[in-house]
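Structure, as structure tokens:
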Amino acid sequence: MFRSLSYFLLLGCIPAVLVAQSAQFPNNTTIESCQSIQSGDWNNPAIWSCNHVPTPNDQVVLNIGHRITISSPDAQAQKLIYQGGTLQLSESGRVFIGASVVSPVIYRIRAGQQYSDQNPLVFTHKTTLTFSATFNESAIYTTRLPENQSDINKLYGFSDCNTHHSLASARFGWNWRDNALRIYAYCYVNGQRIAQELGIAQLNVANDYQIILSESAYTFIFLGKQTVIARGCTTVESTQRYLLYPYFGGDETAPHDITIAITEK
């Protein structure tokens, strides 16, 4: 039998809440392109091909290997396109895209840890979770014990069935095995763990991931392929579903700092 989510909250199993912001911008008729030409601060014109700080009229492209840092609350663009680059926001940093807030989050799992440094409690009413994720070379690792190399690390997903995620949840997982970054569907159904390999992700490339929840199943979509795993309950609409974040392990802690950029769509 499932225990209620409130039971686990009372035990202090899940940390505190994150609040997002939003803003409005006027319609624009001319869209220009600003591509990153090197890493640096968003407000530095020298890092952009357009030779100016991006405006609400600009389509911004983050090119491979470039890390763009946003430390101000007023960065703007018409559209943001990931081409292998990453966006790092400080605590006060925000980027406004059209009429919505896009907050790509850089998750870091520190050496010797399992949880990422950003692990807020955020409830979601979504029944479809869509996001992009970019791994860099920090995803390459060797476990202390060879048998743990196949352990599945966690990427992103949500709890389910109005209970703790160790009883019911759906998320993507990953590991570095046989010189490849392997992606998995990773679920708990009635407390039983179910995992299925979905494909291989390339380093420094933003791939799209999607989980669709229906009455009977979770549908995972990665690289255009659908994988269906049966659920343990039939509840679809819920206010008790919470997000799950990057986590290393498995049985071991992270052997070095691991960085993953995730943008929820």
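Numbers for residues simply follow the sequence, beginning at 1. As a basis for the values below, the full set of heavy atoms in this structure was taken, side chains included, without hydrogen atoms, waters or symmetry mates.
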Would you call [X] and [Y] a side-chain contact if the rule is heavy atoms closer than 4.5 Å?
X: Trp48; Y: Pro54; value: yes
X: Phe248; Y: Pro255; value: yes
X: Ile212; Y: Ile221; value: yes
X: Lys154; Y: Gln114; value: no
X: Phe158; Y: Leu213; value: yes
X: Trp174; Y: Ile152; value: no

Practice problem: Would you check, one step at a time, whether the test side chain to side chain contact (heavy atoms under 4.5 Å, CB included) holds for Asn44 with Val53? | Solution: CA-CA 6 Å; Asn44 180 4; Val53 177; over 6 Å; no
Just checking, is any N or O donor in the side chain of [X] or [Y] under 3.5 Å from an acceptor N or O on the other one?
X: Tyr184; Y: Asn175; answer: yes
X: Asp58; Y: Gln78; answer: no
X: Thr55; Y: Gln76; answer: no
X: Glu137; Y: Asn204; answer: yes
X: Gln210; Y: Thr130; answer: yes
X: Glu252; Y: Asn148; answer: yes

Check: [Y] main-chain N/O paired with [X] side-chain donor or acceptor under 3.5 Å:
X: Gln35; Y: Ser49; result: no
X: Asn51; Y: Pro45; result: no
X: Ser39; Y: Arg67; result: yes
X: Arg241; Y: Val236; result: yes
X: His256; Y: Ser138; result: yes
X: Ser36; Y: Asn63; result: yes

Cluster link [X] to [Y], ILVMFWY, side chain under 4.5 Å:
X: Ile37; Y: Ile70; answer: no
X: Ile200; Y: Ile183; answer: no
X: Ile260; Y: Leu243; answer: yes
X: Tyr156; Y: Tyr188; answer: no

From [X] [atom1] over to [Y] [atom2], what is the distance, rounded to the nearest 0.5 angstrom?
X: Ile194; Y: Tyr218; atom1: CD1; atom2: OH; value: 9.0 Å
X: Ile211; Y: Thr227; atom1: CD1; atom2: OG1; value: 11.5 Å
X: Ser169; Y: Tyr242; atom1: OG; atom2: OH; value: 7.5 Å
X: Leu244; Y: Thr124; atom1: CG; atom2: OG1; value: 11.0 Å
X: Asn136; Y: Ile258; atom1: CG; atom2: CD1; value: 9.5 Å

Practice problem: For Asn162 and Ser238, run side chain to side chain donor-acceptor pair (under 3.5 Å): C-alpha distance rounded to whole Å, both residues' side-chain angles, the deciding distance at 0.1 Å, then the answer. | Solution: CA-CA 7 Å; Asn162 295 340; Ser238 173; 2.5 Å; yes
Practice problem: Any chance you could lay out the side chain to side chain contact (heavy atoms under 4.5 Å, CB included) test for Gln149 and Thr142, step after step, and finish with the verdict? | Solution: CA-CA 7 Å; Gln149 195 71 37; Thr142 301; 4.0 Å; yes
Quiz item: Checking side chain to side chain contact (heavy atoms under 4.5 Å, CB included) for the pair Trp42/Ser72: CA distance, chi angles, key distance, verdict?
Solution: CA-CA 9 Å; Trp42 179 284; Ser72 65; 5.9 Å; no
Quiz prompt | Test side chain to side chain contact (heavy atoms under 4.5 Å, CB included) applied to Ile106 and Thr259, step by step | solution = CA-CA 7 Å; Ile106 306 300; Thr259 302; 3.4 Å; yes
Quiz item: Do the ring planes of Tyr209 and Phe222 sit parallel (below 30°), tilted (30 to 60°) or perpendicular (above 60°)?
Solution: parallel
Quiz item: Is the distance between the ring centroids of Phe172 and Tyr186 less than 6.0 Å?
Solution: no
Self-check item: All pairs passing salt bridge (Lys or Arg N to Asp or Glu O under 4.0 Å) where residues 211-233 contributes a residue, at least two apart
Solution: Asp160-Arg231
Exercise. In plain terms, say whether Arg108 and Asp257 are close enough for a salt bridge, that is, a side-chain N and a carboxylate O under 4.0 Å apart.
Key: no
